[in-house]
Q: 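Before we start, here is the structure in question, set down as structure tokens.
Proteins come first, then strands; the chains are lettered A, B, ... in the order of their sequence lines, and each starts at number 1.
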Amino acid sequence: MTVGIVQFGGSNCDRDTLVALETLGIDAQLVWHRDGLPAETTGVLLPGGFSYGDYLRAGAMAAQSPIMSEVRTVAADGVPVLGICNGAQIGCESSLTPGAFTTNQTARFKCEHVYLRVENADTPWTSQYHHGEVLEFPIAHGEGRFEIENDHLNRLEADDRILLRYCDSEGAVTEEANPNGSKRGVAGITGREDHIAVMMPHPERVCLSDVGPTDGRGVLRGFAH
Amino acid sequence: MRGYTATVTVRLKDGVLDPEAKTTQRALERLGFELDALRSADQFEIDLTADTGPDARRRVEEMTEQLLANPTLHDYEIAVEKR
């Protein structure tokens, strides 16, 4: 069993996620997109970066690569799939998850730590946390503003598909705490089933106790679920 | 078969925030220009060979639906001319 970390030209968080998963004792390997998924794939991680230089729209090119058809197939069979940052953009562009992550409200790249409120603790990615818990993760993106039609977002909320929202240190979802203008502060969502999820913040960057807090471990433990 | 050029214009749907257009508008205003609004759009020109104009349009529509536009964010227009 192994988690495939899919590398595209321009991925740059692939090795960070590998180290984070290995630290948690989760077997993982880097998978070059042209090589396809290994037969023994038990999870897929779409890492952050700037695949194909973010040409056209972030994630648009990678979403069309043949390996993403394989990812959709294994996802439909119940294999857990997590997209982080550029991986989240690829997830939305390839219809694994709804909506789109597009240009930040300020039109500027944001690189900082943010607070996130757990909106649904009943998913593989959040079961290590409790509902309403406040986490601190880094973000680093220019196109992280979650956009979707209001009616569609209402349905996602009704179906409990919002995973995380940007909040302040007390857990209040406010305009000031929203780093990129995401609609209703959405930072992460699940796909049609909750073993498929995407998020703009980087859980893998808060996993190693040697370099700081380890709030992100719970998300990656979703692969060991 | 003959040559056609299809011009695809991809713009944000009404109601979708356009931070780059806002920033550009503010920059123009700082330069002293007066304007009421500014919208941005992407334009692609595609040369292709097809039996008829409608054939060319159908193929370009497929290209646009699959890659050039994102239906969550964009509306698009296609104009086809003989090349």
Q: Which bit of Leu73(B) comes within less than 4.5 Å of chain A, counting heavy atoms only: side chain, backbone, both or neither?
A: side chain
Q: Is it the case that more than 12 heavy atoms not belonging to Asp122(A) sit under 6.0 Å from its CG atom?
A: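 No, CG of Asp122(A) has 12 or fewer neighbouring heavy atoms, counting only those of other groups under 6.0 Å.
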Q: Does a sphere of radius 6.0 Å around OH in Tyr55(A) hold more than 12 heavy atoms from other residues, nucleotides or ligands, not counting ones at 6.0 Å or beyond?
A: no
Q: Counting only heavy atoms not in Arg83(B) (residues, nucleotides, ligands), do more than 12 fall under 6.0 Å from its CZ?
A: yes
Q: Counting only heavy atoms closer than 4.5 Å, note whether Lys13(B) contacts chain A via side chain, backbone, both or neither.
A: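 Contact with chain A: side chain only.
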Q: Considering residues, nucleotides and ligands other than Glu136(A), do more than 12 of their heavy atoms fall under 6.0 Å from its CD?
A: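 For Glu136(A), atom CD is crowded (more than 12 foreign heavy atoms under 6.0 Å).
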Q: Contact part of Ala69(B) toward chain A, heavy-atom cut-off under 4.5 Å: side chain, backbone, both or neither?
A: backbone
Q: Considering non-hydrogen atoms only, spot the tightest contact between Thr23(B) and Ala107(A) and give its length.
A: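 Closest approach of Thr23(B) to Ala107(A): OG1-CB, 3.8 Å.
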Q: Given a strict heavy-atom distance threshold of 4.5 Å, which part of Thr103(A) is in contact with chain B: side chain, backbone, both, or neither?
A: both
Q: Within a radius of less than 6.0 Å around NE2 of His131(A), do more than 12 heavy atoms belonging to other residues, nucleotides or ligands occur?
A: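 No, the 6.0 Å shell around NE2 holds no more than 12 heavy atoms from other groups.
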Q: How long is the straight-line distance from CG of Asn70(B) back to OG1 of Thr102(A), given to the nearest 0.5 Å?
A: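 Atom-to-atom, Thr102(A):OG1 and Asn70(B):CG are 8.0 Å apart.
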Q: Counting only non-hydrogen atoms closer than 4.5 Å, does Arg145(A) touch chain B with its backbone (N, CA, C, O), its side chain (CB onward), both, or neither?
A: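 Contact with chain B is through the side chain of Arg145(A) alone.
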Q: Would you find more than 12 non-hydrogen atoms of other residues, nucleotides or ligands less than 6.0 Å from Gln43(B) atom CD?
A: yes
Q: Please look at Glu147(A) and chain B and tell me whether the side chain, the backbone, both or neither of the residue comes under 4.5 angstrom of a heavy atom of that chain.
A: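 Both backbone and side chain.
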Q: If you round to the nearest 0.5 Å, how far is CG of Leu67(B) from CZ of Arg57(A)?
A: 6.5 Å
Q: Within a reach of under 6.0 Å around CG of Asp77(A), are more than 12 heavy atoms found that belong to other residues, nucleotides or ligands?
A: yes
Q: Counting only non-hydrogen atoms closer than 4.5 Å, does Gln105(A) touch chain B with its backbone (N, CA, C, O), its side chain (CB onward), both, or neither?
A: both
